[in-house]
Amino acid sequence: MEQNGFVQATKKSAELQVRTRILARVRMEELDCGKTDTPQSPEMCYFCTFTSIRRLLNSCHILAFSIFMNVKTPSPRKQTTKGAAVPDRDISTVSVITLGCSKNTTDSEILMGMIQAHDMKFVDAKDADAVIINTCGFIDRAKEESIQTIFAAIQQKKQLAGDGKQQKLIVAGCLSQRYGDDLRKEMPEVDHFFGESDFENVVKSLTPNFKYSLLGERVLTTPPHFAYLKISEGCDNPCSFCAIPIIRGGHRSRTPEKILEEASFLVRKGVKEIILIGQDLTNYGYDLGGQRSLADLLQRLSDVQGVEWLRLMYAFPAKFPKDILPVMAERTNIAKYLDMPLQHASTNVLKSMRRGITRNTTETLLGEIRDAVPGIALRTTFIAGYPSETEADFEELCAFVEQQRFDRVGVFEYSQEDDTYAHILGDPIPADVKQQRSQRIMDIQREISLEKNEAKIGTRIKVLIDEAFTSDDGTVEYQGRSEADAPEVDNEIFVHSSDSLTKPLATGDFVIAEIYDAAEYDLFGEVVEVL
């Protein structure tokens, strides 16, 4: 994406200037936190800035009441701006900076499509009339990155103003959806704050001549051969650690007609792999007709001419719709892949997490999935250091990972989130213990991944080419993925063309590669056929 240079620049900044009023609201003992060598300095690292803002925003009175009364925490999804102000100057160039997950990526692409339909061009942030930051507010690390990026953009805006150039700064997305009122008070340099998916008002803040944007007018920021397709928004699951329902509200399925129309649009744009996303794919359709209908949607999507791979991300294990399994097994263009975050294996922890499933039912479900879809690659994620996780619970999780031998595993260290059910449990497990537990799980998985990869040596695998690059010796090499690998989060396959192939490969090509070497998270092969 064109804005990546700006994002990288913000990450290189270790400390950011903090405004006087934020500094005044942080107690002196908080400054002596070990995060900076000059605790009495008028400057403070962005970690302390975030800590102070988080302290101001922390409010768990409603949470505590809802737990004791056994009612669901409210989901305050009000937009942070009711209407967009009329622009006070012409906006002809825009830069959109996207932080967070693939769902944010699709939101930015839709927004960019609307902006492009209004004849504005996309440029680098330093050259833009307006900068839009689509923030993430999911866990502490994501919030820190969002706040750091906003402060860096404010600094850039001030520098440009010193050179006589006015730049509008707009903050949107999950962080401003959740904390917009507080951020507005602390960051007056930001011209507008908007909530997540408030695309119309964002565009209205750029132009007085707003016009309707047709469905599917997305500006793809992924490589042209794959794209994310959001089939639902929000979540109804009551997970104790998760703020998604608070930020994005309850589950809302898009109609099949709109999804199919957008899939056809993506194919016309040259997309070969469509990755289905949502906070919970497996609840798709329940709000439309009273029953889950993901299986029917998969059948209809796999019938779209030109869709070569369909991939499913973010399935929920409780009440898993098993009728999707025969569809996945029968349809050759549905990747034999499932991302299903399990979060833990101890029944005690799962109960506290409000996951609606036990270890036994989890193991039964995994067995049924593997039996119904032979060769399926299972990806999952776990949380290390949940407040009620004992040493015994953690040992049970480690044994579970060793037993199940997942194809792909990710681990998050527990992040205490305001207004969630788990917030009242505190955050008793030290950060270094969380990190040690997370590392141990990944060490276990690293060995499993290496064994699985080494077993592929000598086999032939279908590979989608993502990128071409020149190696140190001047030869052209290619990086791609199998159907067992989602982009950005899973393994990669590095291949080179055999002497019998005279035509250079292009990104988006499907090839057959013979694997001759393996590492923990990489495979190496030779292309023997272009499909």
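Given the structure is predicted, the values throughout are model-derived calculations rather than measurements.
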| Can you find a pair of side-chain heavy atoms, one from M112 and one from M120, that are under 4.5 Å apart? | no

| Is it true that K157 and D191 make a salt bridge, defined as a side-chain N closer than 4.0 Å to a carboxylate O? | yes

| note | Sequence neighbours excluded, the answer for salt bridge (Lys or Arg N to Asp or Glu O under 4.0 Å) partners of D443 is R446

| query | Is it the case that more than 12 heavy atoms not belonging to K121 sit under 6.0 Å from its NZ atom? | reply | no

| query | Nearest 0.5 Å, what's the CD1-SG distance between I244 and C239? | reply | 10.5 Å

| task | Report the residues that fulfil side-chain hydrogen bond (donor to acceptor under 3.5 Å, both in side chains) with S449, sequence neighbours left out, ordered by chain and then residue number. | result | none

| query | Do NZ/NE/NH1/NH2 and the carboxylate oxygens of R481 and E492 come within less than 4.0 Å? | reply | no

| query | Do the side chain of K269 and the main chain of P224 share a donor and acceptor less than 3.5 angstrom apart? | reply | no

| task | Enumerate the residue pairs fulfilling salt bridge (charged side-chain N to carboxylate O under 4.0 Å, His left out) with a member in residues 312-322, sequence neighbours excluded, ordered by first and then second residue. | result | K322-E368

| Check against side-chain contact (heavy atoms from CB on, under 4.5 Å), R254 and L229 | CA-CA 11 Å; R254 298 179 65 195; L229 176 53; 3.8 Å; yes

| query | Are any of the side-chain nitrogens in E417 or R178 under 4.0 Å away from the carboxylate oxygens of its partner? | reply | yes

| query | Would a 4.5 Å heavy-atom cut-off, applied to side chains only, mark H118 and V203 as touching? | reply | yes

| note | With sequence neighbours left out, the residues meeting side-chain hydrogen bond (donor to acceptor under 3.5 Å, both in side chains) with D490 are Y337, R379

| said: Checking side-chain polar atoms at under 3.5 Å, does D280 have a donor or acceptor matched by the opposite partner on N283? | reply: no

| task | With sequence neighbours left out, write down each residue that passes salt bridge (Lys or Arg N to Asp or Glu O under 4.0 Å) with D509, or none if nothing qualifies. | result | none

| query | Does the side chain of E477 come under 3.5 Å of the side chain of T475 through a donor N or O and an acceptor N or O? | reply | yes

| said: Just to verify, what does E109 make a salt bridge (Lys or Arg N to Asp or Glu O under 4.0 Å) with, not counting sequence neighbours? | reply: R218

| query | Is Y286 atom OH crowded by more than 12 heavy atoms from other residues, nucleotides or ligands, each under 6.0 Å away? | reply | no

| Looking only at atom types and distance, does a side-chain atom of S176 sit under 3.5 Å from a main-chain N or O of F194, one as donor and one as acceptor? | yes

| task | Would you mind reporting whether V96 and V94 have side-chain heavy atoms less than 4.5 Å apart? | result | yes

| query | With the threshold set at 4.0 Å, does a side-chain nitrogen-carboxylate oxygen contact exist between E200 and K204? | reply | yes

| query | Do L266 and L220 come close enough that some side-chain heavy atom pair is under 4.5 Å? | reply | yes

| field | All side-chain hydrogen bond (donor to acceptor under 3.5 Å, both in side chains) counterparts of D485, not counting sequence neighbours | value | R408, S482

| request: Ignoring hydrogens and angles, tell me if any N or O in the side chain of K336 forms a donor-acceptor pair with the backbone of M328 under 3.5 Å. | output: yes

| Hey, would you say the H496 and Y478 ring centroids sit under 6.0 Å apart? | no

| Partner set under side-chain contact (heavy atoms from CB on, under 4.5 Å) for E330, not counting sequence neighbours | P326

| query | So, K230 and D107, do they make that salt bridge, N to O below 4.0 Å? | reply | yes

| task | Report yes or no: does S253 contribute a side-chain atom to a donor-acceptor pair with the main-chain N or O of G285 at less than 3.5 Å? | result | yes

| field | Check: A384 main-chain N/O paired with E413 side-chain donor or acceptor under 3.5 Å | value | no

| task | State, yes or no, whether a side-chain contact exists between I275 and S102 at a heavy-atom distance under 4.5 Å. | result | no

| task | Keeping the roles fixed (side chain from Q177, backbone from E196), state whether a donor-acceptor pair exists under 3.5 Å. | result | yes

| task | Any ring-ring contact (aromatic ring centres under 6.0 Å, His included) involving residues 295-327? Give me the pairs, sequence neighbours left out, ordered by first then second residue. | result | W309-F510

| field | Expected output: side-chain N134 to main-chain L99 donor-acceptor under 3.5 Å | value | no

| field | D129 bridged to K165 by N-O distance under 4.0 Å | value | yes

| field | Whether Q279 side chain and H251 backbone form a donor-acceptor pair below 3.5 Å | value | no

| I334 side chain near L298 side chain, heavy-atom distance below 4.5 Å | yes

| query | Within the distance-only criterion (no hydrogens, no angle test), does the side chain of D466 pair as donor or acceptor with the backbone N or O of Q479 below 3.5 angstrom? | reply | no

| said: What I'd like to find out is whether the side chain of F210 reaches to under 4.5 Å of the side chain of M114, using heavy atoms alone. | reply: yes

| Run the side-chain contact (heavy atoms from CB on, under 4.5 Å) check on V202 and H192 step by step: do they pass? | CA-CA 8 Å; V202 172; H192 301 290; over 6 Å; no

| salt bridge (Lys or Arg N to Asp or Glu O under 4.0 Å) partners of E514, counting only residues at least two apart | R460

| note | side-chain contact (heavy atoms from CB on, under 4.5 Å) filter on A519, not counting sequence neighbours, yields D522, F524

| request: Please step through side-chain hydrogen bond (donor to acceptor under 3.5 Å, both in side chains) for the pair S146 and T135, ending with a clear verdict. | output: CA-CA 5 Å; S146 293; T135 60; 4.8 Å; no

| request: Kindly say whether V123 contributes a backbone atom to a donor-acceptor pair with the side chain of T93 at under 3.5 angstrom? | output: no

| query | Who passes side-chain hydrogen bond (donor to acceptor under 3.5 Å, both in side chains) against K456, sequence neighbours left out? | reply | none

| message | Is the shortest side-chain heavy-atom distance between L169 and I154 below 4.5 Å? | response | yes

| With a cut-off of under 6.0 Å to the ring centre and 45° to the axis, is R184 in cation-pi contact with Y179? | no

